[in-house]
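All remarks here apply to the structure that follows.
Since the model is a prediction, treat every value here as computed from it, not as a measurement. In what follows, every heavy atom counts, from backbone to side chain, and hydrogens, waters and symmetry copies are set aside.
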Amino acid sequence: MMPLLSRRHVMAGGASVVGLSGLSACATRPLFNPDLDADVRSIPVIRARTDRIDRITVCLRPFRAAGPRLDVVQVGHKTVVHNYGHGGSGWSLSWGSAKLAVERALPVSRNIGVIGCGAIGLTTAIVAQQAGAQVTIYTEALPPFVRSSRASGSWTPSSRIARADAVTPEFAARWESMARYSFSCYQSLQGLPGNPVEWDTFYGLHSREPSAPHADPIGYARLDERIRDIEPQGNLIRVDDSRLPYSEVHKKPNLIFNVASYSDYLMRQFLQQGGKIKILTLHHPSELTGLPEPVFINCTGYGARALWNDNSIIPVRGQIAWLIPQPEALCSMSFGNVYVVSRRDGIVVQWLGDDMGFGYDNTDETPDLAEARRSVSVINGLYRRMGYSL
């Protein structure tokens, strides 16, 4: 989920701007409020132009009103531990969710099959290895050809994780446990070659233009207050210069995942520890009875809707317009209905819609060029109003 002025917003202008040398020579001096904090004025400048879009991807987030499924079922003589349905929180909760799933599988056997090779599947496989298990991943696709490779790549542990009216005290406590454990794991992954996990700076803008309150017709659960003590909260800075298109700036550290290098890191870790991968398309759970492992952890994400006939999974469509990377302009930002993450492996520009229900129950994975151009144009217009020529 994404409340206004939370972790996804943008910036203030300044006379000294990181990455300015990379702009066109005709780039003009930005509008400037000398009362603003100096480090808020030093904002990376993203070349948000539609001619810099190098691809468009669409992902269907696997949302379940009751939250991720983590129960244990029998399929013939096989035991299956489910680990799917994380909405927009798959990368963020992957380690904590994997820990719970593996704890349910180990009493059955230390010979474990993992179904799926996305964020949840890879992490679950590694956690099982760390517990002493021999693991084989069964998957029909490898990164980057999995849905989780199309994620925006930010730490968002409660994004579309459940519906508020379906959250029980037990689930809230379980979510908190998953979030805290995952967050602790990410601290040990910083500074690795390729920067799979790192901190950037998030800049949030509250537009001066009148707008209706951000609606949430689905009623997504809001659980972030439970882990407020581990997340940097940043500062909210008022902007009095009426020439600028925003009245407040929220500046804070933001944990991000460079998904290309992170997926590569996870894959290498799994294979170096003796893991095996078999390409296999499963059409029905009964096919598991023909595989050698006595216990499986099902990490198929949105694919579980068809494979397990689980209609509790509701697709929430999300599209990203990818801009060419700018290593000198790494940051996260949001303005209006657009969210941006400038990662080392590409710049995410995502249209969020007019309310929290945007994309709900939408199975269309066809890229929408008009939507992609609109989202990039919003950020382009923001910079132009600040005085930049991109």
Side-chain angles (χ1 to χ4, degrees), residues 1-3 6 59-75 79-105 114-116 118-121 123-124 127 147-148 151 155-183 215-227 282 285 288 295-318 353 355-363:
M1 67 186 67
M2 204 215 70
S6 61
C59 180
L60 301 182
R61 307 176 187 93
F63 170 73
R64 296 181 77 242
R69 187 178 180 186
L70 284 161
D71 60 342
V72 181
V73 300
Q74 291 298 129
V75 176
T79 299
V80 177
V81 180
H82 289 301
N83 186 16
Y84 68 84
H86 297 74
S89 305
W91 284 108
S92 299
L93 294 178
S94 57
W95 293 99
S97 184
K99 181 175 182 292
L100 296 179
V102 170
E103 288 173 350
R104 289 159 167 78
V114 171
I115 311 170
I120 300 295
T123 309
T124 299
V127 171
R147 286 190 172 93
S148 57
W155 164 257
T156 55
S158 69
S159 172
R160 298 168 176 83
I161 191 61
R163 206 171 60 210
D165 61 7
V167 169
T168 64
E170 292 76 17
F171 171 77
R174 186 167 66 248
W175 173 87
E176 181 177 344
S177 173
M178 291 190 293
R180 289 182 180 274
Y181 184 78
S182 294
F183 194 79
D216 181 8
I218 309 305
Y220 291 115
R222 299 174 181 270
L223 300 170
D224 294 287
E225 284 296 319
R226 298 180 68 100
I227 57 170
L282 294 172
L288 295 176
V295 59
F296 295 87
I297 305 179
N298 172 39
C299 306
T300 47
Y302 181 69
R305 179 181 170 98
L307 178 59
W308 296 90
N309 194 30
D310 186 353
N311 292 323
S312 71
I313 295 182
I314 305 298
V316 180
R317 183 186 186 277
D355 57 49
M356 293 290 287
F358 184 73
Y360 186 82
D361 202 12
N362 185 344
T363 61

Could you give the distance from [atom1] ([X]) to [atom2] ([Y]), rounded to the nearest 0.5 Å?
{"X": "Ser92", "Y": "Phe183", "atom1": "OG", "atom2": "CZ", "result": "10.5 Å"}
{"X": "Asn83", "Y": "Leu70", "atom1": "CG", "atom2": "CG", "result": "5.0 Å"}
{"X": "Arg226", "Y": "Ser177", "atom1": "CZ", "atom2": "OG", "result": "10.5 Å"}
{"X": "Glu176", "Y": "Ser158", "atom1": "CD", "atom2": "OG", "result": "12.0 Å"}
{"X": "Ile297", "Y": "Ile120", "atom1": "CD1", "atom2": "CD1", "result": "11.5 Å"}
{"X": "Tyr302", "Y": "Leu307", "atom1": "OH", "atom2": "CG", "result": "13.0 Å"}

Within the 4.5 Å heavy-atom criterion, are [X] and [Y] side-chain neighbours or not?
{"X": "Pro157", "Y": "Ile227", "value": "yes"}
{"X": "Val75", "Y": "Phe296", "value": "no"}
{"X": "Pro68", "Y": "Ile161", "value": "yes"}
{"X": "Val102", "Y": "Leu100", "value": "no"}

So, [X] side chain and [Y] main chain: donor-acceptor pair closer than 3.5 Å or not?
{"X": "Arg163", "Y": "Ala66", "answer": "no"}
{"X": "Thr156", "Y": "Gly88", "answer": "yes"}
{"X": "Trp175", "Y": "Leu93", "answer": "no"}
{"X": "Trp95", "Y": "Thr123", "answer": "no"}
{"X": "Arg160", "Y": "Phe63", "answer": "no"}
{"X": "Thr300", "Y": "Gly116", "answer": "no"}
{"X": "Ser89", "Y": "Ser159", "answer": "yes"}

Decide yes or no on side chain to side chain contact (heavy atoms under 4.5 Å, CB included) for Tyr84 and Ile115, but give the supporting numbers first. CA-CA 11 Å; Tyr84 68 84; Ile115 311 170; over 6 Å; no
How far apart are the closest heavy atoms of [X] and [Y], and which atoms are they?
{"X": "Ser148", "Y": "Ala119", "value": "OG-N, 2.9 Å"}
{"X": "Ile313", "Y": "Ala304", "value": "CD1-CB, 3.8 Å"}
{"X": "Arg64", "Y": "Ser312", "value": "NE-OG, 3.0 Å"}
{"X": "Cys299", "Y": "Thr124", "value": "SG-OG1, 3.8 Å"}
{"X": "Leu60", "Y": "Arg147", "value": "O-CD, 4.0 Å"}

Please determine whether salt bridge (charged side-chain N to carboxylate O under 4.0 Å, His left out) holds for the pair Lys99 and Glu103, giving the CA-CA distance in whole Å, both sets of side-chain angles, and the decisive distance to 0.1 Å. CA-CA 6 Å; Lys99 181 175 182 292; Glu103 288 173 350; 2.8 Å; yes
Arg69 and Asp71 ion-paired at < 4.0 Å: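 Counted as a salt bridge, because a side-chain N and a carboxylate O are separated by less than 4.0 Å.
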